[in-house]
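Notes follow the structure.
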Amino acid sequence: MENVKEKSYNVDNEMSKRKEIGMKTFELVILETSDIHGNILPINYGTNEEAAVGLAKISTLVKTERARQKHVLLLDNGDLIQGTPLTYYYARIDSEGPNPMVLAANALQYDAAVPGNHEFNYGQALLLGAVKESHFPWLSANILNEQTKMPYFGRPYIIKKFAEGLKVAVLGLTTPYIPNWEQPQHISGMLFADPVETAKQWVKFLREKEQADIVILSYHGGFERDLDSGEPTEDLTGENQGYQLCQKVSGIDVLLTGHQHRMIAGKAINGVTVVQPGNNGRAVGKVVLQLEKQQGHWRCVQKTSELLFVETVKADPAIISLAKPYEEATQAWLDQPIGKIEGDMLVHNPMEVRLKDHPLIEFMNRVQMEATGADISCTALFDNQSPGFPENVTMRDVVSNYIYPNTFKVIRITGADIKAALERSASYFKTSNGGTIEVNPAFSNPKPQHYNYDMWEGIDYVIDLSKPVGKRVVKLKYKGKPVDPAAEYDVVMNNYRAGGGGDYLMFKGKPVVKDVQIDAAELIANYILERKVIRATVDHNWKVIF
């Protein structure tokens, strides 16, 4: 965990001595939240147990900081309005009234927010409604209107003015990789420009034209390189350009990041303080800037950063009260019984689910095939916390297992594409010589990516982990015959994967045969409701050997 409190790395300062000789000083505190993912209340919706997450706890923490500090900026770095059953219920079931996430954010009195990639999941109408309801601006300098080439959300930056003429600029940036994941209609009319080139232009403008003393970048993206060595830690796709922003854009004082769900503080790259506060509201990033006015100009003489965790913080009753009507409606919906499971469809060991055909995975693939008419399907066990289905199934069980607002697409791909996709999935595992099977670090760092290991139905295959990566698929058949690399096959998968998400680039740009615009959770629930009883079955069409 990269949350060690940062030591000052600028010139050593004795602020008290400077005050004694009459030098003007100023202390600015920047608080960052990121990847809140719909969490207001301190609750785990899968179990209904208390959890150290959410804006209610963060509110208490922010109030404490504001009571201690005179000058505080509160910024959200994206992925705010999607991620829990509460936000799903509001977006898909009952969207009467204001967006609950915006209500909570307004109550916390944010100064600005940046749209993250998951802001677009529920479509433009809901997103633009949230922007309109917000008492603070949404900033993104690199998401542009396709026609006018102007910032789509109106404001690329804000300037906050303080005493003695101090001017602080906050520039918003968003990962441009969104078109690789999102439904095309959700981002219609938008262009996603390169954050680095965009930042070069705007930071220069903020310094020279706006005469900003301090420039803060709030970037919904992370780091593609090791923060200390600069060595690549992932493919340089342009999804996470935080390191490049620090190295290639001059004039940045602080870079607030997110998207990767990492805990980062106590770090600086090329003199730029960098912070990332994890996800779900588990922590707040805090940066303290010590400023001096020298020869008529403010200069930052010291920067420190740390993470403030909410674990021991009590939730703010005002925020809990605000969310109460939304929460009550959500809980009633979650507790609706929808059917029964005959047999065992629970997840007892996530690794075992990924090593051989499992009733839960076969069931989810069958739902996808039934909904689309395709006879080949792939899906994933999205998270190691996925519980599977108990005997008596409720909506809570559905959304606990299918945690994303995905829809399904049938795309036409070649046999060579299928094999390439299976090899990509097979790289999820370290090479094994008959010992303990371990997950490839590339799928666990900097954040868990269990959702990028797919399991298939409608084909027969064997993955051999004793083979090198890229040569692990040792059997691949369709209807009893070897899959023809040149032949075409129609395969159903979620929209994220169909767009090439998770580095499944073999799927990107392939013809879409069918596009089912109904959320996965709704399709699964309807499938169970219609049948009343679901048998837990497996046809043993695939396995992993080692």
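Atom set for the values below is all heavy atoms of this structure, side chains included, hydrogens, waters and symmetry mates excluded.
Here the straight-line distance linking atom CG of Leu55 with atom CG of Asn280 works out to 10.5 Å at 0.5 Å rounding. Taken from CE in Met506 to CG in Leu422, the straight-line distance is 9.0 Å, to the nearest 0.5 Å. Atom OG of Ser377 is separated from atom CD of Glu362 by 10.5 Å, given to the nearest 0.5 angstrom. Rounded to the nearest 0.5 angstrom, Ile338 CD1 and Met395 CE are separated by 6.0 Å. The structure places OG1 of Thr431 at 11.5 Å from CD1 of Ile437, a figure rounded to the nearest 0.5 Å. Atom CD in Glu239 sits 7.5 Å away from atom CG in Asp503 (nearest 0.5 Å).
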Is there a side-chain hydrogen bond (donor to acceptor under 3.5 Å, both in side chains) between Tyr496 and Asn180? Walk through the geometry before answering. CA-CA 8 Å; Tyr496 170 78; Asn180 292 287; over 6 Å; no

Passes side-chain hydrogen bond (donor to acceptor under 3.5 Å, both in side chains), Asn117 versus Glu182? Steps please. CA-CA 8 Å; Asn117 53 295; Glu182 194 52 72; over 6 Å; no

Assess whether side-chain contact (heavy atoms from CB on, under 4.5 Å) is satisfied between Phe408 and Asn494, documenting all intermediate values. CA-CA 4 Å; Phe408 298 127; Asn494 66 55; 4.2 Å; yes

Using the rule given for salt bridge (charged side-chain N to carboxylate O under 4.0 Å, His left out), can you reason through Glu457 versus Arg366, listing the C-alpha separation, both sets of side-chain angles and the distance that settles it, and then say yes or no? CA-CA 8 Å; Glu457 191 65 33; Arg366 293 290 182 194; 3.3 Å; yes

Steps toward side-chain contact (heavy atoms from CB on, under 4.5 Å) verdict (Leu476, Ile418): CA-CA 9 Å; Leu476 179 54; Ile418 292 176; 4.2 Å; yes

Working note: Val491 + Phe507, criterion side-chain contact (heavy atoms from CB on, under 4.5 Å); need CA distance, chi angles, decisive distance, verdict. CA-CA 10 Å; Val491 181; Phe507 297 151; over 6 Å; no

For residues 42-49, tabulate all N or O donor-acceptor pairs below 3.5 Å that involve a side-chain atom, not counting sequence neighbours.
| unit_1 | atom_1 | unit_2 | atom_2 | d |
| --- | --- | --- | --- | --- |
| Asn44 | OD1 | Gly46 | N | 2.8 |
| Asn44 | OD1 | Thr47 | N | 3.4 |
| Tyr45 | OH | Glu327 | OE1 | 2.6 |
| Thr47 | OG1 | Glu49 | N | 3.2 |
| Asn48 | OD1 | Gln331 | NE2 | 3.1 |
| Asn48 | OD1 | Arg396 | NH1 | 3.2 |
| Asn48 | ND2 | Gln331 | OE1 | 3.3 |

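In plain terms, the two heavy atoms of Arg92 and Asp519 that are nearest each other are NE-OD2, 2.7 Å. For Pro387 against Ser400, the heavy-atom pair with the smallest separation is CD-O, 3.8 Å. The two residues Ser34 and Asp76 make their nearest non-hydrogen contact at N-OD1, 4.1 Å. Closest approach of Lys409 and Pro184 over heavy atoms only: NZ-CD, 3.8 Å. For Asn452 against Tyr504, the heavy-atom pair with the smallest separation is O-OH, 2.7 Å. For the residue pair Asp484 and Tyr489, the shortest heavy atom distance occurs at N-OH, 3.0 Å.
Judged by distance alone, with hydrogens and angles left aside, the side-chain atoms of Asn106 form a donor-acceptor pair with the main-chain N or O of Glu133 at under 3.5 Å. A distance-only check finds a donor-acceptor pair linking the side chain of Asn541 to the backbone of Trp456 [under 3.5 Å]. Counting only distance, with no hydrogens or angles, the side chain of His261 and the backbone of Lys447 share no donor-acceptor pair below 3.5 Å. Between the Glu423 side chain and the Val473 main chain, a donor and an acceptor come within less than 3.5 Å of each other. When atom types are taken as modelled, the side chain of Asn526 and the backbone of Leu523 share no donor-acceptor pair closer than 3.5 angstrom. Listed for the Ser425 side chain is no donor-acceptor partner under 3.5 Å among the backbone atoms of Tyr453.
Tyr110 and Thr33 share a side-chain donor-acceptor pair at under 3.5 Å. Donor-acceptor pairing under 3.5 Å is lacking for the side chains of Ser427 and Arg472. Under the 3.5 Å distance criterion, with hydrogens and angles disregarded, no donor-acceptor pair is assigned to the side chains of Arg497 and Asn406. Checking Thr394 against Gln336 by side-chain atom types alone, no donor-acceptor pair falls below 3.5 Å. Side-chain atoms of Tyr177 and Gln241 form no donor-acceptor pair, as typed in the model, at a separation below 3.5 Å. Under the 3.5 Å distance criterion, with hydrogens and angles disregarded, no donor-acceptor pair is assigned to the side chains of Gln260 and Asn279. Checking His450 against Asn384 by side-chain atom types alone, a donor-acceptor pair falls below 3.5 Å. Side-chain contact annotation: Asn401 with Ser386, donor-acceptor N/O pair under 3.5 Å absent. Side-chain contact of Thr407 with Gln183: a donor-acceptor pair under 3.5 Å is present, judged by distance alone.
Side-chain contact between Lys475 and Asp460 is present, with at least one heavy-atom pair separated by less than 4.5 Å. Between Tyr404 and Asn121 there is no side-chain heavy-atom pair separated by less than 4.5 Å. Looking only at side-chain heavy atoms (C-beta outward), Lys477 and Tyr461 stay at 4.5 Å or farther from each other. Leu381 places a side-chain heavy atom less than 4.5 Å from the side chain of Leu360. Between His220 and Asp35, some side-chain heavy-atom pair lies under the 4.5 Å cut-off. Using a 4.5 Å heavy-atom threshold, the side chains of Leu346 and Phe389 count as separate. Considering only heavy atoms from C-beta on, Val462 comes within 4.5 Å of Ile545 through its side chain. The closest side-chain heavy-atom distance from Val284 to Leu307 is not below 4.5 Å.
Between Lys510 and Asp417 a salt bridge is recorded (basic side-chain N to carboxylate O distance below 4.0 Å). Looking at Glu352 and Lys356, no side-chain N of the basic residue comes within less than 4.0 Å of a carboxylate O on the acidic one, giving no salt bridge. Ion pair Asp316/Lys57 not flagged as a salt bridge, since none of the NZ, NE, NH1 or NH2 atoms sits closer than 4.0 Å to an Asp/Glu carboxylate oxygen.
Stacking of Arg531 on the aromatic ring of Tyr527 is recorded, both the 6.0 Å distance cut-off and the 45° axial limit being met.
Checked against the 6.0 Å centroid threshold, His259 and Trp181 count as a close aromatic pair. In summary, the aromatic rings of His540 and His358 are positioned with their centroids too far apart to meet the 6.0 Å limit. Between Tyr428 and Phe443, the distance separating the two ring centers is shorter than 6.0 angstrom. Two rings, from Phe429 and Phe546, have their centers 6.0 Å or more apart. Here Tyr122 and Tyr90 keep their ring centres 6.0 angstrom or further from each other. When ring centroids are compared, Trp333 and Tyr89 come within the 6.0 Å threshold.
Shown here is Lys430, whose NZ atom has no more than 12 heavy atoms of other residues, nucleotides or ligands within 6.0 Å. Summarising the local packing, CD of Gln385 is surrounded by 12 or fewer heavy atoms from other residues, nucleotides or ligands at distances under 6.0 Å.
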